[in-house]
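First comes the structure, then the notes that go with it.
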Amino acid sequence: MTLRLGGQQPFARGGNRLCFIDPGEPARCVKVRRPDFTLEDVRRKKGFPKNLKPLSSFDDSLEEYQVIRSFQQHYPDGIFDHVSRCYGFVDTDMGRGLVSELIRDSDGRISITLKQYVWERGYSEDCQRAVQQLCEHWLRYCVPSRDLLVHNVVVQRDYQESEEAIRRLVVIDGLGSGNLVPMHWQPLWLQRSKTQRKVDNFHHRIETLLETRKHEQFPGEHGLLYHNGVDDSVAPPSKEEQS
Ligand SMILES: Nc1ncnc2c1ncn2[C@@H]1O[C@H](COP(=O)(O)OP(=O)(O)OP(=O)(O)O)[C@@H](O)[C@H]1O
Ligand SMILES: [Mg+2]
């Protein structure tokens, strides 16, 4: 069966993919290639000699699927406490789509990125604690990943009465080490030192965002939702007064 996405507005866009709510399953999302930036475009942009590689080697969704499968096979299930799950591929009217766990807040709204959260709220104590928790998780499991980018981490929040609290941060993209030798085959000391570098780099990126926040517009075009999956109330991010 071919899933119809064409008539729906995506809730977000990254550099490579458009993200839609799965029409048949609100707890899942479907990611397809951006029609304005195809795999052929990616390959062409690489130049010689990388442009000799097969198209499939530029396919982020295929890589993500293989990485998540390897997490399922080689790591305890707890690794998914801070990594979105992945359910395989479906055919859609926009090409092959990767189905993933859609991270929503307790009120049903799609969780915003860490980039948007920090931009709007600053680096609250609640957020610092959540970042610390994510970093400890990364080091505990030595999760193979690229650099942790602030627009690839979402902030899942709980709302109780008028209180709001961060439940957890979830990494939704940029997983897998990209190495020929899988991370779980490498000696533990090496895994740990590589993971520590990712964690240090993540803190550094948050500091850079906080620096940018003092005097600029929202940086880059990615990391903002087009809609929240519940209503039309998504406004461009406003910066609160600096404390
Ligand atoms: N599972 C998810 N749950 C909630 N939001 C998500 C999820 N996956 C993606 N998003 C939202 O969609 C945006 C784009 O998704 P994603 O990072 O997968 O696209 P991409 O094109 O691969 O990104 P990149 O520019 O990093 O290559 C994210 O920044 C995030 O706001
Ligand atoms: Mg991304």
Side-chain angles (χ1 to χ4, degrees), residues 5 8-22 25-39 41-43 45-46 57-68 71 79-90 92 94-120 130 134 145-158 166-176 178 198 201-202 205-206 209 218-230 234-237:
L5 300 175
Q8 206 194 115
Q9 201 204 357
F11 66 87
R13 184 180 81 163
N16 294 287
R17 300 181 288 187
L18 288 179
C19 305
F20 293 87
I21 299 174
D22 185 331
E25 177 45 86
R28 297 183 178 193
C29 60
V30 183
K31 302 188 186 188
V32 295
R33 271 269 7 128
R34 280 172 44 180
D36 59 328
F37 192 45
T38 63
L39 282 183
D41 295 333
V42 182
R43 181 161 69 179
K45 231 178 126 185
K46 291 288 177 194
S57 67
F58 301 95
D59 187 342
D60 289 329
S61 286
L62 183 61
E63 191 195 353
E64 186 172 315
Y65 176 66
Q66 287 163 346
V67 167
I68 297 292
F71 285 6
I79 198 169
F80 291 105
D81 289 351
H82 293 272
V83 170
S84 55
R85 292 178 187 271
C86 177
Y87 305 106
F89 289 98
V90 283
T92 83
M94 300 188 70
R96 198 167 66 150
L98 181 66
V99 183
S100 303
E101 174 189 12
L102 175 57
I103 310 301
R104 291 181 185 259
D105 296 346
S106 65
D107 62 358
R109 284 185 291 181
I110 297 170
S111 300
I112 61 172
T113 60
L114 180 62
K115 181 175 174 181
Q116 183 172 353
Y117 181 96
V118 169
W119 190 260
E120 289 179 354
L134 176 67
S145 74
R146 307 287 161 60
D147 282 351
L148 291 167
L149 307 181
V150 284
H151 62 265
N152 285 337
V153 177
V154 298
V155 181
Q156 189 177 39
R157 287 176 285 184
D158 282 326
I166 297 177
R167 188 191 305 172
R168 58 173 183 157
L169 301 186
V170 185
V171 179
I172 51 85
D173 185 24
L175 296 155
K198 299 294 173 205
N201 177 280
F202 183 44
R205 284 176 188 276
I206 295 170
L209 177 62
F218 189 76
E221 53 175 321
H222 304 311
L224 282 180
L225 293 180
Y226 293 147
H227 66 82
N228 63 24
V230 171
V234 175

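This structure is a prediction, so every number in the text was calculated from the model and none was measured. As the structure lists them, so they are numbered: ligands from 1, and atoms in each ligand from 1.
- Closest heavy-atom approach to atom 20 (P) of ligand 1 among the candidates Leu224, Asp173, Val171: Asp173.
- In this structure, Asp147 contributes its side chain and Leu149 its backbone to no donor-acceptor pair below 3.5 Å.
- The backbone and the side chain of Asn16 each have at least one atom closer than 4.0 Å to an atom of ligand 1 (non-hydrogen atoms only).
- The main-chain N or O of Phe37 is found under 3.5 Å from a side-chain atom of Arg33 such that the two form a donor-acceptor pair.
- Of the protein's heavy atoms, Gly14 CA, 3.7 Å lies nearest to atom 19 (O) of ligand 1.
- Taking a cut-off of under 4.0 Å to the non-hydrogen atoms of Leu102, the atoms of ligand 1 that pass are 3 (N), 4 (C).
- Close contacts of ligand 1 with Phe11, meaning ligand atoms under 4.0 Å from a residue heavy atom, involve 5 (N), 6 (C), 10 (N), 11 (C).
- Protein contacts to the Mg ion (ligand 2) involving N, O or S atoms at a distance below 2.8 Å are Asn152 OD1, Asp173 OD2.
- The protein heavy-atom contact nearest to atom 22 (O) of ligand 1 is Arg17 NE, 2.9 Å.
- Atom 30 (C) of ligand 1 has its closest protein heavy atom at Thr113 CG2, 3.9 Å.
- Ligand 1 has no nitrogen or oxygen under 3.5 angstrom from a nitrogen or oxygen of Ser100.
- Within the listing of ligand 1, atoms 1 (N) sit less than 4.0 angstrom from a heavy atom of Cys29.
- Taking the six-membered ring for Trp and thresholds of 30 and 60 degrees, His222 and His151 have ring planes inclined between 30 and 60 degrees apart.
- Applying side chain to side chain contact (heavy atoms under 4.5 Å, CB included) to Val83 and the options Val170, Val67, Ile68 leaves one that passes, Ile68.
- Nearest to atom 3 (N) of ligand 1 among the protein's heavy atoms is Ile103 N, 3.0 Å.
- Closest approach of Pro219 to Leu209, counting heavy atoms only: CG-CD1, 3.9 Å.
- With hydrogens and angles left out, the side-chain atoms of Arg34 and Asn16 include no donor and acceptor closer than 3.5 Å.
- Residue Asn152 approaches ligand 1 through these ligand atoms, each under 4.0 Å from one of its heavy atoms: 17 (O), 26 (O).
- Atom numbering of ligand 1 starts at 1 in the shown order; those under 4.0 Å from a heavy atom of Lys31 are 8 (N), 9 (C), 18 (O).
- Between Asp36 and Arg13, some side-chain heavy-atom pair lies under the 4.5 Å cut-off.
- Protein heavy atom closest to atom 2 (C) of ligand 1, with residue, atom name and distance, is Ile172 CG2, 3.6 Å.
- Here the options are Leu175, Leu169, Asp173, the test is side chain to side chain contact (heavy atoms under 4.5 Å, CB included), and the partner is Val171; only Leu175 passes.
- Atoms of ligand 1 lying under 4.0 Å from at least one heavy atom of Cys19, given by number and element, are 9 (C), 12 (O), 14 (C), 15 (O).
- Between His151 and ligand 1, at least one pair of N/O atoms sits closer than 3.5 Å.
- One distance of note links OG of Ser84 with CD of Glu64; it measures 6.0 Å at 0.5 Å rounding.
- Checking side-chain atoms of Asp41 against main-chain N and O of Thr38 turns up a donor-acceptor pair under 3.5 Å.
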Apply the test side-chain contact (heavy atoms from CB on, under 4.5 Å) to residues Phe20 and Thr92: give CA-CA distance (whole Å), side-chain angles for both, the deciding distance (0.1 Å), then the verdict. CA-CA 11 Å; Phe20 293 87; Thr92 83; over 6 Å; no
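- Between Glu101 and ligand 1, a contact under 3.5 Å exists for at least one N or O pair.
- A donor-acceptor pair under 3.5 Å is formed between the side chain of Gln156 and the backbone N or O of Arg104.
- Taking the ring centre of Phe89 as origin, the terminal cationic atom of Arg96 falls inside the region bounded by 6.0 Å and 45° from the ring axis.
- Residue Ala12 approaches ligand 1 through these ligand atoms, each under 4.0 Å from one of its heavy atoms: 11 (C), 12 (O), 13 (C).
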Under the criterion side-chain contact (heavy atoms from CB on, under 4.5 Å), I'd like the reasoning laid out for Gln116 against Val155: C-alpha separation, chi angles, the key distance, then a yes or no. CA-CA 9 Å; Gln116 183 172 353; Val155 181; over 6 Å; no
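- With respect to atom 25 (O) of ligand 1, the closest heavy atom belonging to the protein is Gly15 N, 2.6 Å.
- Looking at Arg104 against ligand 1, nothing comes within 4.0 Å, counting heavy atoms.
- No side-chain donor-acceptor contact under 3.5 Å links Asp105 to the backbone of Asp107.
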